[in-house]
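Written below as C-alpha cells is the structure these notes are about.
Below, chain A is the first sequence line, B the second, and so on; all start at residue 1. These values consider heavy atoms only, across backbone and side chains, with no hydrogens, waters or symmetry-generated copies.
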There are 2 protein chains.
Amino acid sequence: MEEPRKRARPGRAPAPAGRTARPRQAEVARLAGVSQATVSLVLADKRQGPAISEETRQKVLEAARSLGYVPDPAARRLAAARNNLLGVFSFTATFPTDVQHSYYPFLVGVEREAAERGYDLVLFTGSSTGGAGAAGPDALNRVRLADGCLFLGRHAPAQELRRLVADGFPVVHLGRRDEPEGLHWVGADYVSAAREVVDHLAALGHRRMVLIREDDEAPASTDREQGFLEGLEAAGPAGGPGGAVFRSADPERDLTPERLRSWLADGVTAFVAEETDTGAAWRALRRAVAEAGIDCPREASLALLGSPPADLADGPEPTGFDIPRTRLGAAAVRMLAALVAGEEATEPLVACTFRPGVTSGPPPAIADR
Amino acid sequence: MEEPRKRARPGRAPAPAGRTARPRQAEVARLAGVSQATVSLVLADKRQGPAISEETRQKVLEAARSLGYVPDPAARRLAAARNNLLGVFSFTATFPTDVQHSYYPFLVGVEREAAERGYDLVLFTGSSTGGAGAAGPDALNRVRLADGCLFLGRHAPAQELRRLVADGFPVVHLGRRDEPEGLHWVGADYVSAAREVVDHLAALGHRRMVLIREDDEAPASTDREQGFLEGLEAAGPAGGPGGAVFRSADPERDLTPERLRSWLADGVTAFVAEETDTGAAWRALRRAVAEAGIDCPREASLALLGSPPADLADGPEPTGFDIPRTRLGAAAVRMLAALVAGEEATEPLVACTFRPGVTSGPPPAIADR
DNA sequence: CACATCGATTAATGCGTATTAGTAATGCGC
DNA sequence: GCGCATTACTAATACGCATTAATCGATGTG
C-alpha cells in the first residue's frame with residue numbers, strides 16, 4: 001500500500017505580501033506562547049467553556065494589545081454562522097428626494113433599536129433602476145444575506161414574500177398585512193387609538209357622532225371603524241343610535257354642507273374623519289364645515305383618526321392621535337431580532353399617542369346650558 | 001507503525017436544523033449534479049479561468065435560482081473576494097430624531113449612486129448608546145465586513161481611521177479632511193464657489209468688498225477666503241485695495257453698525273459672509289445692516305458663501321451658493337467604488353450651485369448714475 | 001498508435017475565528 | 001497508590017466561498 005504522494009497545494013495564491021498585514025490570532029498566540037484556540041477563548045471572554053488561568057489571560061491580552069490585534073469581522077461572522085445584519089427593504093427608494101414621503105421617522109426607530117441590539121443594517125432598494133444588482137424577480141432574494149429582513153411599504157410583492165416566509169426566513173412587515181399567510185408584522189393599534197378618541201369625545205358629553213371614511217377595505221380603515229364603534233357602544237345609549245358611518249369613495253364630492261347641517265339637526269355633535277394617504281376625508285370634512293359656516297369647537301367637534309396631511313398641517317391642531325412611527329420602527333426590529341433568535345414573535349401592536357388638539361369641546365347643548 | 005485512530009470530530013455543533021437554512025453552494029451543486037467548485041465558477045462569471053460548458057452553466061443557474069441561493073457576504077469576504085457591500089458609518093446616529101441634523105440629503109445621493117453601481121449599503125452605527133454592539137475602540141472595525149466604507153461627520157476618531165487607511169481598507173470621508181494622512185475625501189469646491197460669488201458681484205460693478213468670517217482654521221473657512229481673494233484679484237484694481245477680510249471670534253458682537261458705515265464711507269459696496277455651523281457671520285451681518293438702516297440691495301449688496309441657517313431661511317434669499325449635498329454623496333460613492341476596484345481616487349471636489357438671490361444688485365454709484 | 005493538446009470539471013486547499021473533543025497535569029478521597 | 005473529578009489547554013475541526021493544480025475525456029499529431 002503506497003502512501004499517496006503529497007499533492008501540491010491548490011487553494012489560495014500567496015498574498016502580495018506588500019503591506020504589513022493585520023495581525024491574526026495566530027500571531028498573538030505565537031507571541032504569547034499559547035495556541036490560537038486559547039487566544040480565541042481569552043478574547044471571547046465567555047462565562048461558559050474551558051477555564052483560563054489568570055496568568056495566561058494576561059499574557060494573551062498583553063500580546064494582543066502590543067500587536068494591535070483587531071478581530072476580522074468577516075471571519076468572526078462566518079464562524080459564528082450569523083451576520084449580525086438586519087435587512088431593510090423598501091420597494092421605492094429608501095431615501096426619496098422628497099423627505100415628506102420618506103420612511104425617515106421609522107428609520108429613526110429602526111436604527112436606534114438595531115444599534116441597541118448590536119445589529120447593523122443593510123439597505124436594499126427594490127427600485128434600483130438597473131445596475132448590477134438588477135431588480136429581477138430575485139431582487140428580493142438578495143435580502144437573504146441578512147439574518148432577517150424588515151419590509152417597508154405596501155409594494156413588496158406578495159409572491160416573493162411568500163417564498164421567503166415559506167423558507168423560514170425571518171421577515172417582518174412594517175404595517176399590518178395579512179397577505180402572505182404567516183407573515184409577521186407590526187402595526188399601530190388603530191382600534192384602541194380610535195376608541196380613545198371617541199372616549200374623549202364621549203367624556204366631553206358627545207353622544208351622537210359620525211365617522212367619515214373612504215371606501216377602502218384596508219385593515220387600517222376597518223380597524224379605525226371598529227374602534228369608533230366600540231367607543232360609541234361603551235359611551236352607552238343616549239337617545240337612539242349613537243352614531244353612523246358615512247362611507248364614500250370620494251368624500252370631497254359627497255360630503256356636502258347640506259348633509260352636515262342635516263346631521264346637526266339630527267343631534268349629531270361630533271364628526272370623526274379617518275386618516276388616509278390622501279387625507280381626503282379630513283380635507284372634505286374641514287371644507288364642508290367651513291362652507292356650512294359651522295363654528296368648529298363651539299357648534300361641532302371634529303376629530304381626526306391620525307395626523308393631518310402636509311397641506312393642512314398648519315391649520316388648528318386636530319383632536320386625534322399620532323402614529324408612533326419611531327416606536328413602530330423599534331418594535332419591528334425587536335420582533336425581527338426575536339425571530340432571528342428563534343423565539344416567538346413579540347407583540348405586533350404599538351399604541352398610538354392621543355393628541356388633545358383644539359377641534360373638540362363640549363357639545364353645544366351642554367356648552368349653552 | 002500504527003495508523004493513528006481517527007479522532008472524533010470537534011468543531012461546530014450541528015445546526016439546530018429547525019428552519020430551512022439558507023442554501024449553500026454545496027446544495028446548489030448537489031441539485032445541479034456538479035461540484036461546489038463548479039458552482040462557484042459559474043456564479044463568479046469570470047472572463048478568465050477555466051471554461052464552463054453552456055449546458056453546465058444553465059443547469060447551475062437554474063438550480064441556484066430555484067433554491068434562491070444568495071452568497072454569504074462574510075464567507076465571500078473571507079475568501080478575499082468582494083461583497084458588493086459598501087459601508088456607511090456615522091459616529092452619531094445616521095437618523096437623528098431631529099431631521100435638521102441628519103445626513104439625509106447626502107444619503108439620497110449615496111443610495112442612488114450605490115444602487116446604480118449594484119452595491120448594497122450597510123449602515124454601521126457608531127453611536128450605539130451601549131447595546132451589544134458596544135462602542136469599543138474596535139467599533140469602527142466592523143466596517144471591514146464591507147468592501148469599503150464611507151464616513152460621515154467630523155466625529156470619526158482619527159486614530160481608528162488611521163488604522164483602516166494604513167491597512168489599505170478603502171475609506172472615503174464625506175467632507176474635506178486632512179487628519180489621518182492619506183485619507184481620501186470628497187468635498188464641496190468652496191474656492192471656486194466663493195470666487196464665483198465674487199465674480200458675480202464684480203460683474204455687477206462692485207470693486208471693494210469685505211468678507212466677514214469667524215475665527216476658524218477649518219479648510220471650509222480658509223477655502224472660502226481663498227476664493228474670495230482670487231475673485232477680487234481677477235476683478236482687477238479699481239482704486240486701491242479691492243477688499244478686506246474681517247475676522248472675528250464673535251461677529252455678532254464685533255460687527256457693529258458703525259463699522260459698516262465706516263466701510264461704506266470707504267467705498268465698500270458689498271459684504272460677503274461665510275457660512276458656518278452657527279451661521280453667526282451671516283446673522284451678524286444681517287442685523288448690523290438692519291440696525292444701520294442700510295437698504296440692502298440698493299445701498300449695499302450682501303452675499304452668503306453657503307446656505308442660510310434654518311432660523312433665517314424665511315428671509316430674502318441671499319445671493320450665494322448651495323452645497324450640493326446629494327451630488328456629494330454620489331461623488332463619495334463613485335470614489336469609494338473606484339478605490340474598491342483598485343483604481344485611482346476620483347476627483348474629490350464637487351462644484352457648488354450658484355444662487356442669484358435677491359440681496360445683491362449694482363453698487364449705488366452705478367445705480368444712481 | 002503512443003503522445004501532446006485542449007476543454008471541462010473536480011479535489012483540495014486557504015481565508016481567520018469559534019467551538020469542542022480530547023489530553024495532560026493536578027488534586028482529592030479512601 | 002489508584003480511580004476519578006477538575007483545571008488548563010491544545011488539536012482538530014467547521015463555517016462558506018474562491019482559487020488552482022490535477023484529472024479525465026475527447027481530439028488532434030507525428
Side-chain angles (χ1 to χ4, degrees), chain A residues 4-16 21-30 32-46 48-60 64 69-84 144-145, chain B residues 4-15 21-30 32-46 48-57 59-60 64 69-84 138 141 144-145:
Chain A
R5 195 178 320 153
K6 212 156 197 166
R7 305 173 46 139
R9 340 185 185 162
R12 168 149 319 288
R22 288 189 303 135
R24 312 294 161 185
Q25 282 189 353
E27 275 129 82
V28 175
R30 205 175 311 139
V34 299
S35 72
Q36 174 267 320
T38 302
V39 173
S40 175
L41 287 174
V42 168
L43 297 180
D45 199 22
K46 288 277 180 67
Q48 66 218 102
I52 299 285
S53 72
E54 190 53 30
E55 187 192 342
T56 301
R57 167 186 303 282
Q58 289 309 328
K59 267 194 310 188
V60 170
Y69 169 81
V70 280
D72 179 336
R76 181 173 272 206
R77 287 174 183 186
L78 180 56
R82 289 185 73 190
N83 280 330
N84 270 13
R144 297 181 113 110
L145 125 191
Chain B
R5 196 178 319 155
K6 212 157 198 164
R7 304 173 48 137
R9 339 186 188 160
R12 171 151 315 292
R22 282 173 36 201
R24 310 297 168 189
Q25 283 189 350
E27 276 129 80
V28 175
R30 206 176 309 140
V34 298
S35 72
Q36 174 264 322
T38 303
V39 173
S40 175
L41 288 174
V42 169
L43 296 181
D45 198 22
K46 288 274 180 69
Q48 66 219 86
I52 298 284
S53 72
E54 190 54 29
E55 187 193 342
T56 301
R57 166 186 304 282
K59 267 193 311 188
V60 170
Y69 169 80
V70 193
D72 179 326
R76 230 184 163 130
R77 182 111 191 104
L78 185 56
R82 320 172 16 187
N83 261 161
N84 272 5
D138 49 273
N141 210 55
R144 300 182 112 109
L145 177 69

Worksheet item: Has the side chain of B:Glu55 got a donor or acceptor that lies under 3.5 Å from a partner of the other kind on the base of C:dA8?
Response: no
Discussion item. Over all strands shown, is A:Val39 touching base, sugar-phosphate only, or nothing at heavy-atom distances under 4.0 angstrom?
Written reply: nothing
Response to the item:
Among the nucleotides D:dC17, C:dC15, D:dC15, whichever has the atom closest to the side chain of B:Gln25 is D:dC17
Fill in: A:Ser40 vs C:dG16: side-chain N/O to OP1/OP2 distance below 4.0 Å
no
Worksheet item: Taking for each residue the nucleotide of DNA chain C bearing the nearest heavy atom, is the 5' side occupied by B:Gln36 or by B:Ala75?
Response: B:Gln36
Practice prompt. Among the candidates D:dT10, C:dG14, C:dT10, find the nucleotide nearest to the side-chain atoms of B:Ala79.
Written response: C:dG14
Fill in: Gap between atoms CZ and C1', on A:Arg77 and D:dA14 respectively (whole Å)
19 Å
Item to complete: Kindly say if B:Ser53 contacts the phosphate of C:dT9, meaning a side-chain N or O under 4.0 Å from OP1 or OP2.
Response: yes
Worksheet item: So, the side chain of B:Asn141 versus the backbone of A:Pro73: is there a donor-acceptor pair under 3.5 Å, distance only?
Response: no
Item to complete: To the nearest Å, give me how far apart CG (B:Asn141) and P (C:dG16) are.
Response: 14 Å
Worksheet entry | Closest listed nucleotide, where the reference is the side chain of A:Ala37 and the choices are D:dA12, C:dT10, D:dC9 | D:dA12
Discussion item. How many whole angstroms separate atom CZ of A:Arg24 from atom P of C:dC15?
Written reply: 9 Å
Worksheet entry | From CA spacing to verdict: side-chain contact (heavy atoms from CB on, under 4.5 Å), B:Val39, B:Tyr69 | CA-CA 11 Å; B:Val39 173; B:Tyr69 169 80; 5.7 Å; no
Worksheet item: Would you say C:dA11 has OP1 or OP2 under 4.0 Å from some side-chain N or O of B:Ser35?
Response: no
Worksheet entry | Under 4.0 angstrom between A:Arg76 side-chain N/O and C:dA18 OP1 or OP2 | yes
Response to the item:
B:Tyr69 atom OH is separated from D:dC17 atom C1', nearest whole Å, by 7 Å
Practice prompt. Measure the distance from CD1 on A:Ile52 to P on C:dA18 and round it to the nearest whole Å.
Written response: 13 Å
Practice prompt. Specify the separation, in whole Å, of atom CG of B:Asn84 and atom P of D:dC17.
Written response: 15 Å
Worksheet entry | Nearest-Å distance for atom pair CG/P, residues B:Leu145 and D:dG16 | 16 Å
Worksheet item: Would you say the side-chain atoms of B:Arg22 pair up with the backbone N or O of A:Arg144, donor to acceptor, closer than 3.5 Å?
Response: yes
Discussion item. Before you tell me yes or no, could you show the steps for B:Asp72 and B:Arg24 under side-chain contact (heavy atoms from CB on, under 4.5 Å), namely the whole-Å CA-CA distance, both residues' side-chain angles and the distance that decides it to 0.1 Å?
Written reply: CA-CA 8 Å; B:Asp72 179 326; B:Arg24 310 297 168 189; 4.2 Å; yes
Discussion item. What contact category does B:Leu41 fall into here, base, sugar-phosphate, or nothing, at under 4.0 angstrom with non-hydrogen atoms?
Written reply: base
Worksheet entry | From OG1 (B:Thr56) to CD (B:Glu54), nearest 0.5 Å | 9.0 Å
Worksheet item: Rounded to whole angstroms, how far apart are CG on A:Asn83 and C1' on D:dC15?
Response: 12 Å
